[in-house]
Chemist: 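Would you mind keeping the following structure in view while I ask a few things?
For this chain, numbers begin at 1 and follow the sequence in order.
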Amino acid sequence: MHLISRALMLAPLALFALGARAMPTLDELSTNPHRDWLTLSGLSHHFQPDRRNWREANPGVGFEREFDGTPWVATAGYFRNSYDRNTFYVGGRWMPLAAGPFRFGAFGLVATGYPSPVLVLPTVSAQLGRVGANLIAVPNLPGYSGYLGLQLRFALD
């Protein structure tokens with residue numbers, strides 16, 4: 001495997017491991033101010049469409065709870081994945097870096113409908129007031145087509 005491919009695969013895991021040290025306790029999360037979001041899954045684009053007949057319309061709905069003052073967002077939901085399978089997921093986003101309305105980090109999920117039930121995915125989120133978006137970007141890896149995936153977010157408060 002190429003050194004760059006290995007680095008791209010390990011980078012989200014390293015970020016997630018570093019984030020675990022900064023993870024607030026359950027007591028802190030229960031008392032911290034938060035904002036709830038409705039997420040709508042919808043689209044993906046695969047960089048190697050000839051490798052498989054990918055489903056690129058991925059309808060779904062989910063819920064996010066963003067904890068003010070922390071880089072953590074809890075998430076759960078459902079969507080129809082690119083393998084044309086039902087996916088139910090639960091996990092979180094760790095978004096430690098920010099630039100204007102953009103936050104950078106990774107999704108860590110346990111999900112059905114994939115070859116591996118544990119997913120760690122690089123993520124960029126943008127937010128303007130009560131509307132936002134999550135963009136997942138996975139590069140091409142040996143034996144796997146990279147893709148971009150999009151979710152829209154709407155504040156519930």
Side-chain angles (χ1 to χ4, degrees), residues 1-19 34-67 71-157:
M1 185 182 298
H2 293 96
L3 181 60
I4 293 174
S5 296
R6 284 186 187 157
L8 288 172
M9 286 176 29
L10 294 176
L13 293 173
L15 286 172
F16 197 74
L18 289 172
H34 61 271
R35 186 174 219 184
D36 294 333
W37 296 82
L38 172 71
T39 59
L40 299 177
S41 299
L43 301 173
S44 62
H45 172 73
H46 293 79
F47 304 133
Q48 297 177 352
D50 55 323
R51 294 192 66 175
R52 185 180 178 98
N53 187 17
W54 300 107
R55 178 186 178 103
E56 293 193 334
N58 311 105
V61 64
F63 174 82
E64 291 185 348
R65 175 162 282 178
E66 183 174 41
F67 299 98
W72 292 99
V73 179
T75 185
Y78 161 84
F79 65 94
R80 190 74 179 174
N81 73 23
S82 297
Y83 292 102
D84 202 21
R85 297 180 186 150
N86 291 321
T87 294
F88 296 92
Y89 65 90
V90 64
R93 277 189 295 120
W94 178 61
M95 308 299 285
L97 305 173
F102 299 98
R103 306 242 4 224
F104 304 89
F107 262 115
L109 304 168
V110 175
T112 63
Y114 287 99
S116 170
V118 177
L119 305 171
V120 178
L121 307 165
T123 305
V124 176
S125 289
Q127 180 178 322
L128 295 171
R130 299 175 50 80
V131 178
N134 297 326
L135 182 67
I136 298 165
V138 178
N140 287 329
L141 300 170
Y144 186 76
S145 174
Y147 68 94
L148 294 174
L150 178 68
Q151 279 184 325
L152 298 178
R153 304 170 66 221
F154 302 95
L156 295 175
D157 56 352

Chemist: Restricting to non-hydrogen atoms, name the atom on F67 and the atom on H34 that form the minimum distance, rounded to 0.1 Å.
Modeler: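 F67 and H34 have their closest heavy atoms at CD2-CB, 4.2 Å.
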Chemist: For the side chain of N58 and the backbone of R80, is there at least one donor-acceptor N/O pair under 3.5 Å apart?
Modeler: yes
Chemist: Step by step, would you call H46 with R52 a side chain to side chain contact (heavy atoms under 4.5 Å, CB included)?
Modeler: CA-CA 10 Å; H46 293 79; R52 185 180 178 98; over 6 Å; no
Chemist: Does some side-chain heavy atom of T75 sit less than 4.5 Å from a side-chain heavy atom of L109?
Modeler: yes
Chemist: Going from CG on L156 to CZ on R65, what distance comes out if it is rounded to the nearest 0.5 angstrom?
Modeler: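 That separation rounds to 10.0 Å.
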Chemist: Angle class for the Y114/Y83 ring planes (parallel below 30°, perpendicular above 60°, tilted otherwise)?
Modeler: perpendicular
Chemist: Does CG in N53 sit with more than 12 non-hydrogen atoms of other residues, nucleotides or ligands closer than 6.0 Å?
Modeler: no
Chemist: Flag the pair I136 / V138 as yes when at least one side-chain heavy-atom distance between them is below 4.5 Å, and no otherwise.
Modeler: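 SC-SC contact between I136 and V138 confirmed.
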Chemist: In the structure I gave you, are the side-chain heavy atoms of T39 and V61 within less than 4.5 Å of one another anywhere?
Modeler: no
Chemist: Under 3.5 Å, is there a donor-acceptor pair between the side chain of N134 and the main chain of S125?
Modeler: no
Chemist: Would you call S145 and N140 a side-chain contact if the rule is heavy atoms closer than 4.5 Å?
Modeler: yes
Chemist: Using a 3.5 Å distance criterion without hydrogens, assess whether the side chain of N81 forms a donor-acceptor pair with backbone atoms of G113.
Modeler: yes
Chemist: Is a donor on one side and an acceptor on the other found under 3.5 Å between the side chain of R153 and the backbone of W37?
Modeler: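 Here the side-chain-to-backbone pair does not exist.
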Chemist: Which side-chain N or O atoms in residues 115-124 pair as donor and acceptor under 3.5 Å with protein atoms at least two apart or in another chain?
Modeler:
residue : atom : partner : partner atom : Å
S116    : OG   : V118    : N            : 3.4
S116    : OG   : V118    : O            : 3.1
T123    : OG1  : F107    : N            : 3.4
T123    : OG1  : L121    : O            : 3.0

Chemist: Any chance you could measure N86, atom CG, to F79, atom CZ, to the nearest 0.5 Å?
Modeler: 10.0 Å
Chemist: Just by distance, do the side chain of T87 and the backbone of T112 share a donor-acceptor pair under 3.5 Å?
Modeler: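 Checking the backbone N and O of T112 against the side chain of T87, a donor-acceptor pair under 3.5 Å is found.
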Chemist: Is there a side-chain contact between F102 and L97 (heavy atoms, below 4.5 Å)?
Modeler: no
Chemist: Does the side chain of W72 come within less than 4.5 Å of W94's, by heavy atoms?
Modeler: yes
Chemist: Could you check if a side-chain atom of R35 sits within less than 4.5 angstrom of a side-chain atom of R130, using non-hydrogen atoms only?
Modeler: yes
Chemist: Ignoring hydrogens and angles, tell me if any N or O in the side chain of S82 forms a donor-acceptor pair with the backbone of R55 under 3.5 Å.
Modeler: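 Yes, because the side chain of S82 sits within donor-acceptor range (under 3.5 Å) of the backbone of R55.
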Chemist: What I'd like to find out is whether the side chain of E66 reaches to under 4.5 Å of the side chain of Q127, using heavy atoms alone.
Modeler: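 Counting from C-beta outward, E66 and Q127 do come under 4.5 Å.
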Chemist: Can you check whether G60's main-chain N or O pairs, donor with acceptor, with S41's side chain at less than 3.5 Å?
Modeler: no
